[in-house]
Asker: 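Can you keep this structure in mind? I'll have questions shortly.
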Amino acid sequence: MIRAVVFDVGECLVDESREYGAWADWLGVPRHTFHAMFGAVIAQGRDYRDVFQEFRPGFDLYTEREKRATTGQPETFGEEDLYTDVRPALARLRDDGLWLGIAGNQTVRAGRILRELFASDVDLIGTSDDWGASKPDPEFFKRVAEAVPFDVSEILYVGDRCDNDIRPAREAGMHTALVHRGPWATIQWTSVEATELPTFRVESLLELPVQVGRFNDSAR
């Protein structure tokens, strides 16, 4: 049975449009050009950080984040950036008695924001900076499994990427749900991995309570 549901952050809970728009502005690149290159890099199977190199060779994301912060433009997101299905989906899953977590590739600052937004809604908030391991590294999913008080086979990991979320979580022994939104899921949705690997494929997080309920009923 599925007893715990753990969510990725970017493009799963948080719409990152505002933040990537801010990066385009920081680089001095028209937003539509930045977004077009972003999609091209993802479609080529490259690391999204290569996008910055296309516009500014030698670009160091960590250094530039610090520069943005010192000029009063730190990376940020808030309630207005959450997808509209996030709050009701968490509430329904909690009402169904499921243990909930959030774990993704995020900075220390992003971790603080997540705790401000979700401290009373979930049982776990963990980030790659907290753990010193980033997806898709198996160590990241090992840390997730260690933090959840159930067997790894009872965890559902929810994300928007086959490469960073679905495949490594499945290899770690978890169930997975691929949510169809954001650039990665949009580009990968019809791929073999996106079709065959996830336990569930959903258009909205609001589908998860029903999907998990049916899965658990069949497992009883």
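Keep in mind the model is a prediction, meaning the values are calculated, not measured. Counting from 1, the numbers follow the sequence of the chain as shown.
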Asker: At their closest point, which heavy atom of Cys162 faces which heavy atom of Pro168, and how far apart are they?
Answerer: O-CD, 3.8 Å
Asker: Give me the atom names and distance for the closest heavy-atom approach of Ala172 to Val152.
Answerer: O-CG2, 3.3 Å
Asker: What is the minimum heavy-atom distance between Gln188 and Asp163, and which atoms define it?
Answerer: NE2-OD1, 3.3 Å
Asker: Evaluate the side chain to side chain contact (heavy atoms under 4.5 Å, CB included) criterion for residues Asp15 and Leu82: first the C-alpha distance (whole Å), next the side-chain angles of each, then the deciding distance (0.1 Å), finally the verdict.
Answerer: CA-CA 6 Å; Asp15 181 340; Leu82 301 184; over 6 Å; no
Asker: Can you tell if the side chain of Leu208 reaches within under 4.5 Å of the side chain of Phe7, non-hydrogen atoms only?
Answerer: yes
Asker: Within 45° of the six-membered ring axis of Phe77 and under 6.0 Å from that ring's centre, is NZ or CZ of Arg18 located there?
Answerer: no
Asker: Is it true that Ile2 and Leu205 fall in one hydrophobic cluster, defined by side-chain heavy atoms closer than 4.5 Å?
Answerer: yes
Asker: For the pair Asp217 and Arg220, find out whether any cationic side-chain nitrogen is under 4.0 Å from an anionic carboxylate oxygen.
Answerer: yes
Asker: With no hydrogens and no angle check, is any side-chain donor or acceptor of Arg170 less than 3.5 Å from a backbone partner on Leu197?
Answerer: yes
Asker: Without swapping roles, check the side chain of Asp96 against the backbone of Leu98 for a donor-acceptor pair under 3.5 Å.
Answerer: no
Asker: Is it the case that one hydrophobic cluster holds both Trp99 and Val212, taking links as side-chain heavy atoms less than 4.5 Å apart, direct or via other members?
Answerer: no
Asker: For the backbone of Val14 and the side chain of Asp81, can you confirm whether one donor and one acceptor N or O come within less than 3.5 Å of each other?
Answerer: no
Asker: Looking only at non-hydrogen atoms, find the nearest pair between Arg94 and Val122 and report the distance.
Answerer: NH2-CA, 3.4 Å
Asker: When you measure from the side chain of Asp8 to the backbone N and O of Gly104, does any donor-acceptor pair fall under 3.5 Å?
Answerer: no
Asker: Flag the pair Glu54 and Arg46 as a salt bridge only when some basic side-chain nitrogen lies within less than 4.0 angstrom of an acidic carboxylate oxygen.
Answerer: yes
Asker: Between Thr33 (side chain) and Val29 (backbone), is there a donor-acceptor pair under 3.5 Å?
Answerer: no
Asker: Judged by modelled atom types alone, do Lys135 and Tyr157 share a side-chain donor-acceptor pair under 3.5 Å?
Answerer: yes
Asker: Going by distance alone, is a donor N or O of one side chain under 3.5 Å from an acceptor N or O of the other, for Thr76 and Glu19?
Answerer: no
Asker: Please round to the nearest 0.5 Å and tell me the distance separating atom CD1 of Ile155 and atom CE of Met174.
Answerer: 4.5 Å
Asker: About how many Å separate CD1 of Ile42 and CE of Met37, when rounded to the nearest 0.5 Å?
Answerer: 12.0 Å
Asker: Which of parallel (below 30°), tilted (30 to 60°) and perpendicular (above 60°) describes Phe34 and Phe55?
Answerer: parallel
Asker: Would you say Glu196's side chain and Glu193's backbone share a donor-acceptor pair under 3.5 angstrom?
Answerer: no
Asker: Out of curiosity, does Leu90 fall in the hydrophobic cluster containing Val144 (side-chain heavy atoms, cut-off under 4.5 Å, transitive links)?
Answerer: no
Asker: Can you tell me if CZ on Arg214 sees more than 12 non-hydrogen neighbours from other groups inside 6.0 Å?
Answerer: no
Asker: Distance alone, cut at 3.5 Å: any donor-acceptor contact between the side chains of Gln73 and Trp26?
Answerer: no
Asker: Taking a hydrophobic cluster as the set of Ile, Leu, Val, Met, Phe, Trp and Tyr residues connected by side-chain heavy atoms closer than 4.5 Å, whether directly or through intermediates, do Val210 and Met1 fall within one such cluster?
Answerer: no
Asker: Identify the heavy atoms of Phe38 and Val51 that sit nearest to each other, and give their distance.
Answerer: CA-CG2, 3.6 Å
Asker: Run the side chain to side chain contact (heavy atoms under 4.5 Å, CB included) check on Ile102 and Val6 step by step: do they pass?
Answerer: CA-CA 5 Å; Ile102 296 171; Val6 180; 6.0 Å; no
Asker: So how far is it from Leu13 CG to Phe118 CZ, rounded to the nearest 0.5 Å?
Answerer: 5.0 Å
Asker: Salt-bridge test for Asp121 and Arg87: reply yes if a basic N is under 4.0 Å from a carboxylate O, no otherwise.
Answerer: yes
Asker: Any luck finding a side-chain donor-acceptor pair between Thr127 and Asp130 under 3.5 Å?
Answerer: yes
Asker: Do side-chain atoms of Arg109 reach the backbone of Glu75 as a donor and acceptor pair under 3.5 angstrom?
Answerer: yes
Asker: For Thr186 and Arg181: C-alpha separation, side-chain torsions, deciding distance, then whether side chain to side chain contact (heavy atoms under 4.5 Å, CB included) applies.
Answerer: CA-CA 6 Å; Thr186 300; Arg181 61 186 174 211; 5.9 Å; no
Asker: Within 45 degrees of the axis of the six-membered ring of Trp189 and under 6.0 Å from its centre: does Arg201 put its NZ or CZ there?
Answerer: yes
Asker: To the closest 0.5 Å, what do you measure between CG (Asp25) and CH2 (Trp23)?
Answerer: 11.5 Å
Asker: Is Ile166 reachable from Val158 through a run of hydrophobic residues whose side-chain heavy atoms are each under 4.5 Å from the next?
Answerer: no
Asker: Taking Arg31 for its side chain and Gly21 for its backbone only, find out whether a donor-acceptor pair lies under 3.5 Å.
Answerer: yes
Asker: With rounding to the nearest 0.5 angstrom, report the CG to CG distance, Leu93 to Leu156.
Answerer: 9.0 Å
Asker: Does either side chain, that of Asp85 or that of Ser204, offer a donor lying less than 3.5 Å from an acceptor on the other one?
Answerer: yes
Asker: With the side chain counted from C-beta on, respond yes when Leu117 and Glu79 share a heavy-atom pair under 4.5 Å apart, and no when they do not.
Answerer: yes
Asker: Assert yes or no for the condition that the ring centre distance of His175 to Phe200 is strictly below 6.0 Å.
Answerer: no
Asker: Do any N or O atoms from the side chain of Gln53 and from the backbone of Gly58 form a donor-acceptor pair under 3.5 angstrom?
Answerer: yes
Asker: Using side chain to side chain contact (heavy atoms under 4.5 Å, CB included), reason through Tyr83 and Glu11 one step at a time and then give a plain yes or no.
Answerer: CA-CA 8 Å; Tyr83 282 102; Glu11 298 307 331; 2.4 Å; yes
Asker: Using every non-hydrogen atom in the two residues, find where Pro88 and Leu206 come nearest and quote the distance to one decimal.
Answerer: CB-CD2, 3.8 Å
Asker: Keeping the roles fixed (side chain from Asn105, backbone from Ser128), state whether a donor-acceptor pair exists under 3.5 Å.
Answerer: no
Asker: Can you measure from CG (Asp160) to CD (Glu16) and round to the nearest 0.5 angstrom?
Answerer: 8.0 Å
